[in-house]
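Working notes for the structure below.
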Amino acid sequence: MKKNFQHLISTAVPLPIENIDTDQIIPARFLKATTREGFGENLFRDWRFDANNQPKPDFVLNNPLYKGEILVAGKNFGCGSSREHAAWSLGDYGFKVVVSSFFADIFKNNALNNFILPIQVSDAFLQKIFKAIEADAQARLEVDLEAQFIKILATGEQEGFDINPYKKACLINGYDDIDYLLSLRSNIEAYEVSREFNF
Amino acid sequence: MGKTLVDKIWDAHVVVSKPGFPDAVYINTHFIHEVTSPQAFDGLRKRGIPVFRPQKTRATADHNVPTIDQHLPIKEALSRHQVEMLTKNTTEFGVELYGLGHPYQGIVHVIGPELGITLPGMTIVCGDSHTSTHGAFGAIAFGIGTSEVEQVLATQCILQYRPKRMKIEINGQLKKGVVSKDIILYIISKISASGATGYFVEYCGEAIRSLSMEARMTICNMSIEMGARGGLIAPDDTTFSYLKGREFAPKGADWDKALAYWKTLQSDADAVFDTTLTFDAADIEPMITYGTNPGMGMGVTQHIPALEQLEAQERPSFKKSLDYMALEPGSALLGKKVDYVFIGSCTNSRIEDLRMVADFVKGKHKASGVVVWIVPGSKQVEAQAKKEGIDKIFEEAGFHLREPGCSACLGMNEDKVPAGMYCISTSNRNFEGRQGPNARTFLASPLTAAAAAITGKVMDVREMV
């Protein structure tokens, strides 16, 4: 099934912690599956559940007040391991957008390759989003990929975000990198022939 | 204007560059392992396409393998299934596998270099962030996700934007008891866990030049821990003599031709870097981390920052981290009791690491109550250690030399540090739960880890060598 992403209005889940690494998003002991499905139940496993698999009531995903398809997190989100399982677990749980003031490179690529939109906002705007959600857990955010903005609907404050035009087109249209690369086959073969040191 | 080494290698590998599109970059060597590849092979099956250049991908089992009794079937069903899937997939798609029982098996970033598969000027990727290790040979090497593994299997290319370039120069000479792991922990502590995001780093300077290949690999390995996609070191005579005669390195006339090319692989004198950082090797002391990201490190004699030394906005995350570690802001770590010592991982599991530890512990015995795991990076490292009698030294010291794998670096197999315990570890990440749920990690060099094994405490190893 092809996915895509264009526009979203949703409440958001706040996680104002910096340097959330992919080991927190999905601990290594849950990487043993050989399919892409089912990782959502172990998303943030050790923050969500205690050693006896009981939900930790103080963790935001266990708080019924906070729901939505947008995760809002502190800076340097997704640092650490290249495991794409981190993106799969966020997507499987139901997140379509992650907002932070800074993303780790590999996570950003992995998210985009799974039609999850990472939106990098300024520190100041990130704090505004956190404040808006603190004031009202039902505060909604609007994300428009075509126009490249994110808006806090309650206050009308908005900020533009960057995305490279290629990935934007992929997300909007549900294109995939491999389709594009496969279309370059003759170029790839010509390159191989041209190289003196093709090891 | 001159070119940086990264740009030279990048330019030599661009297949198609179109405005508005990422570059299609050709990949010379693709490493895969059992954890991040099965979904990629499934993707090929769904598309009904083969592996485009199967001879350019090499596989090994490392992340999820037990480190004892590797000759027996893997006990844990899910792990066994994952390793079996790798065998099935590589057989079906015609990819060479160095699986359990193979004399070349080991941690993917240890075996690539030791087999001479990793060469200067190459582009190298793997579904593992520590692929940056291979940059030590003057290669562009970086970690990728599983969708990208599928891209490379399908087309031998990857779509990437050209990275920014950072130069990190380490001048002068290291002091006694200070090793390459300390250099990289020092750099990360200075620039933070995100300080090089978006960059490829070229390491240079006298202190880097005087390092062995294995020590250089330790530095490049942890480039990702400051957010850099990769790190590299221009090849030199140290590189060439390491490679000569290795299993898959070029031979005869091919070697001569390759060598002439490799000697051109340097940044031009007038190359412009987006950022340049300079440090003095003499300022570096043995390092240790105190928090839950690799940027939270300090000299072993220093004190953890007090809350007042931090910006207000940074304090909640800092406090959360120290609460996890059960440490007080402003306190010292010297003399702190440790429960476990882990010497291994793609950062520090090569023969020189084991030799360094063996030289230090020879004739000594581990402190009572400390569990010491030594996990060699590969079957070849293990065999060499036995040949040199290093295994006997470890045995006499009360250490356990296990079999090759990623082991307690990432707590994926059964080698986990129990909850609440402190482990001094030569690995690369001190994230919450990285070595097991609620395990607490201090990252350090093999020497500092060995000193902790003998004394049961965090020590300043300079006073012991």
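Note on naming: letters A, B, ... go to the chains in the order of the sequence lines (proteins, then strands), and numbering restarts at 1 for each one.
Using modelled atom types, no side-chain atom of Arg29(A) and backbone atom of Asn413(B) make a donor-acceptor pair closer than 3.5 Å.
In terms of heavy-atom pairs under 4.5 angstrom with chain A, the leader among Glu225(B), Arg53(B), Lys18(B) is Arg53(B). Annotation: maximal heavy-atom pairing with chain A below 4.5 Å, among Ala12(B), Gly436(B), Ser79(B), occurs at Ala12(B).
No more than 12 heavy atoms of other residues, nucleotides or ligands sit less than 6.0 Å from atom NZ of Lys96(A). Around atom CD of Gln55(B), more than 12 heavy atoms belonging to other residues, nucleotides or ligands sit under 6.0 Å away. Sparse packing is recorded around CG of Asp162(A), with 12 or fewer heavy atoms of other residues, nucleotides or ligands lying under 6.0 Å away. At most 12 heavy atoms of other shown residues, nucleotides or ligands fall within 6.0 angstrom of atom CD in Glu41(A).
Atoms CG and OG1, on Leu184(A) and Thr155(B) in that order, are 8.0 Å from each other to the nearest 0.5 Å. The distance from atom CG of Leu182(A) to atom CZ of Phe52(B), rounded to the nearest 0.5 Å, is 9.5 Å. How far CG of Leu31(A) is from OG1 of Thr36(B): 9.5 Å, rounded to the nearest 0.5 Å.
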Intermediate values then yes/no, side chain to side chain contact (heavy atoms under 4.5 Å, CB included), Lys32(A) and Met412(B) | CA-CA 8 Å; Lys32(A) 296 182 183 188; Met412(B) 186 160 178; 3.7 Å; yes
When you look at Arg83(A) and Leu410(B), which way does the side chain to side chain contact (heavy atoms under 4.5 Å, CB included) test go after all the steps?
-> CA-CA 12 Å; Arg83(A) 58 188 70 164; Leu410(B) 85 163; 4.2 Å; yes
Carefully, step by step, assess Asn293(B) and Asp21(A) under the rule side chain to side chain contact (heavy atoms under 4.5 Å, CB included).
-> CA-CA 9 Å; Asn293(B) 73 61; Asp21(A) 59 77; over 6 Å; no
Start with the C-alpha gap between Asp176(A) and Arg47(B), add the side-chain angles, then the distance that decides, and say whether side chain to side chain contact (heavy atoms under 4.5 Å, CB included) holds.
-> CA-CA 12 Å; Asp176(A) 143 325; Arg47(B) 291 170 201 268; 2.6 Å; yes
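Among pairs with a residue in residues 154-174 of chain A, those fulfilling ring pair (Phe, Tyr, Trp, His ring centres under 6.0 Å) read Tyr166(A)-Tyr180(A), Tyr166(A)-Phe21(B), at least two apart in sequence or across chains.
No side-chain heavy atom of Glu192(A) sits less than 4.5 Å from a side-chain heavy atom of Val15(B). In this structure, the side chains of Tyr191(A) and Val14(B) stay at 4.5 Å or more apart for every pair of heavy atoms. When side chains are defined from C-beta on, Arg36(A) does not count as touching Asp42(B), because their heavy atoms never get closer than 4.5 Å. Side-chain contact between His85(A) and Val35(B) is present, with heavy atoms from C-beta onward closer than 4.5 Å.
For a heavy-atom cut-off of 4.5 Å, chain B lies close to Phe102(A), Phe103(A), Ala104(A), Asp105(A), Ile106(A), Asn109(A), Asn110(A) in residues 97-110 of chain A. Residues of residues 127-148 of chain A lying under 4.5 angstrom from chain B, judged on non-hydrogen atoms, are Gln127(A) by number.
Glu84(A) and Ser147(B) form a side-chain donor-acceptor contact under 3.5 Å, judged by distance and modelled atom types alone. Between the side chains of Trp47(A) and Glu432(B), a donor-acceptor pair is found at a separation under 3.5 Å.
In this view, Asn42(A) and Ile26(A), Phe30(A), Arg45(A) satisfy the side chain to side chain contact (heavy atoms under 4.5 Å, CB included) rule, not counting sequence neighbours.
When all heavy atoms are compared, the tightest approach of Thr34(A) to Gln39(B) is C-NE2, 3.5 Å.
Residue contact with chain A, scored on non-hydrogen atoms closer than 4.5 Å, involves the side chain of Gln160(B) exclusively. Interface residue Ser129(B): backbone and side-chain heavy atoms are both found under 4.5 Å from chain A.
Ion pairing between Lys319(B) and Glu18(A) fails under the 4.0 Å rule for side-chain N and carboxylate O.
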